[in-house]
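No hydrogens, no waters, no symmetry mates; every other heavy atom, side chains included, goes into these values. From a predicted model like this one, the values you see are computed outputs, not experimental measurements. Letters A, B, ... mirror the listed sequences (proteins, then strands); counts begin at 1.
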There are 2 protein chains.
Amino acid sequence: MNRPVTLTFSPLYQQIQAVLLARVVSGEWAPGTFIPSESALAKEYAVSVGTLRKSLDALASDQVVIRHHGKGTVVATHDTDRSLFQFFHLVRLDGKRSLPSSRVLLRKQRAPTPEEVKILALEIGEKVIHIKRVRDLDGSPTLLEDVVVSARFFSGLEIAPLPLPNTLYQLYEKQFGCSVANAEERLSAVAANEADEIHLEVKKGTPLLEIRRIAKDLQGRPVEWRVSRCETSQYCYFNEL
Amino acid sequence: MNRPVTLTFSPLYQQIQAVLLARVVSGEWAPGTFIPSESALAKEYAVSVGTLRKSLDALASDQVVIRHHGKGTVVATHDTDRSLFQFFHLVRLDGKRSLPSSRVLLRKQRAPTPEEVKILALEIGEKVIHIKRVRDLDGSPTLLEDVVVSARFFSGLEIAPLPLPNTLYQLYEKQFGCSVANAEERLSAVAANEADEIHLEVKKGTPLLEIRRIAKDLQGRPVEWRVSRCETSQYCYFNEL
DNA sequence: TACAATTTGTGCGTATGTATA
DNA sequence: ATATACATACGCACAAATTGT
């Protein structure tokens, strides 16, 4: 009797990779801290170091951990250069990179729009926190952003702390235990409206680059919906393929 | 006597990776063909299979080769789905992907602009070939493109063949032995001009997404400069971070 | 259908090199 | 100098996919 079942087979190193990821997600291994050594983990899971290495290398290529020769392996945080620019693609036309400062225009809790319910996979009755801010690059207002997150996971974000750091993902990580791991962005060109005219100091109708981002955590759950409208006379969106 | 020389040390697997890449670049291993097996290459270079595997895995992650379980390793081409969408990021607003058809408006050899000389690293006196085309997505004109390449490396592109395939990189690969390996793109929002008005059927001043791309070959040399102006009411530029 | 040959994928164990504390 | 941890390199065994006999 032959059995055509494939079962849920997956290679050992992938199974271990998933387990290690789970320990990061659970908070057992916090961002910025060292995890046990290769040999210790290999012993714990009763596999060879080589197999465990493959798991860690995969997590490293996913930016979940960072390996340091001679020191150890740390859980990735959002305060390294590499990580900061993973989600910030605006560069000056001359190629220089810099991070923006920001001024918060609005911060409140409210009911979600139907679009937000869909994008953030919200449950019925769940509220959202909405932050609107202007981000300055080299002193001139360049980005007008609307940031929306679930009020359930980010309870209190609408009141404290003051001021907001301009790298929100560090705040999500430290204050709310939520690590943004990846995101998808959709870009299009739009005409400036009245709000843009006021906050970005451009004329109505000026072409703006609109970036719509869905940010996801380590488990792939959508955690933030962000729309950025950008004035691109001095800056552009840089992407390497 | 201790020797403080570091020399030009690099790991064995990286040295071999470079040698294997060179054999692809030289044309010895053409795109679409199988290269020798791991064990054969390991024997040839007198290294362990494990070491040679690391070299091949690295080349595979750079999209230079594609590994096939049970069959062998082939040099990557530009006619696979994976590869086609590496350089084409426009998707419908509903998320569907499709490839455009194209109509050539202009195709000629001419002297380069100073900007083109710089971007393509042209030598003095070198000419360029300039192709202007409109690309239709789902039947409506969506992209207006200017493609510029060196006339030295792409001699004859301005006359033959007719018609041009809409995936130019396949043509570069097959007719000119030039494999585009990666690219950098800079995006900004611009207002439609008279040419856009005619070819994209939009009013002058309509916001367009402008994509400026520098495409590079396996050795990192710039081989193509491309400016695409895109009408983004039905499509957007999709990017995964 | 069965079997063998080839090729890549997975997994183990070990030795040695290099970076860090 | 020593200990620890990651990086490189080797060799072997077996699994899984593909192809041809």
Would you mind reading off the distance between [X] atom [atom1] and [N] atom [atom2], rounded to a whole angstrom?
X       : N      : atom1 : atom2 : value
B:Phe34 : C:dT6  : CZ    : P     : 16 Å
A:Tyr45 : C:dG11 : OH    : P     : 15 Å
B:Leu52 : D:dA9  : CG    : P     : 12 Å
A:Lys43 : C:dG13 : NZ    : C1'   : 15 Å
A:Glu38 : C:dG13 : CD    : P     : 15 Å
B:Asp57 : C:dT8  : CG    : P     : 11 Å
B:Leu12 : D:dG11 : CG    : P     : 11 Å
B:Ile66 : C:dG9  : CD1   : P     : 12 Å

Start with the C-alpha distance between B:Thr77 and B:Glu173, add both sets of side-chain angles, then the distance that settles side chain to side chain donor-acceptor pair (under 3.5 Å), and finish with yes or no.
CA-CA 8 Å; B:Thr77 64; B:Glu173 181 178 289; 4.6 Å; no
B:Lys54 or B:Val49: which one's nearest nucleotide on DNA chain D is closer to the 5' end?
B:Lys54
Could you please name the partner base of C:dT1, counting Watson-Crick and G-U wobble pairs only when both distances are under 3.5 Å?
none
What's the closest nucleotide to the B:Arg53 side chain, out of D:dG11, D:dC6, C:dT8?
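Closest nucleotide among those given: C:dT8.
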B:Thr73, nearest nucleotide to its side chain (from D:dA5, D:dA9, C:dT8):
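For B:Thr73, the side-chain atoms sit closest to C:dT8.
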Quick one: label B:Val47 by what it contacts on the DNA or RNA (base, sugar-phosphate, nothing), any heavy atom closer than 4.0 Å.
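The residue B:Val47 makes sugar-phosphate contact but no base contact.
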Contact class for A:Gly72 (heavy atom, under 4.0 Å): base, sugar-phosphate, or nothing?
sugar-phosphate
Residue met sooner reading DNA chain C from 5', once A:Gly50 and A:Gly70 are mapped to nucleotides
A:Gly50
Salt bridge present between A:Lys216 and B:Glu240 (N-O < 4.0 angstrom):
no
Hey, are the side chains of A:Tyr45 and A:Leu20 touching, using non-hydrogen atoms and a 4.5 Å cut-off?
yes
With a 4.5 Å cut-off on side-chain heavy atoms, are B:Ser150 and B:Glu123 touching?
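B:Glu123 does not reach B:Ser150 side chain to side chain.
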Members of residues 16-24 of chain B that approach DNA chain C, where some heavy atom sits under 4.0 Å away
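DNA chain C contact set from residues 16-24 of chain B: none.
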Would you say A:Lys71 places a side-chain N or O within less than 4.0 Å of OP1 or OP2 belonging to D:dC6?
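For A:Lys71, the contact criterion (side-chain N or O under 4.0 Å from OP1 or OP2 of D:dC6) is not met.
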Do any side-chain nitrogens or oxygens of B:Ser48 fall under 4.0 Å of OP1 or OP2 in D:dG11?
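The answer is no; no side-chain N or O of B:Ser48 sits under 4.0 Å from OP1 or OP2.
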Judged by modelled atom types alone, do [X] and [Y] share a side-chain donor-acceptor pair under 3.5 Å?
X        : Y        : result
A:Ser83  : A:Gln63  : no
A:Tyr13  : A:Asp57  : no
B:Tyr172 : B:Asp217 : no

Is A:Arg213 positioned over the aromatic face of A:Phe87, cation under 6.0 angstrom from the ring centre and no more than 45 degrees off axis?
no
Using only heavy-atom distances, decide whether a donor-acceptor pair under 3.5 angstrom links the side-chain of A:His69 to the base of C:dT18.
yes
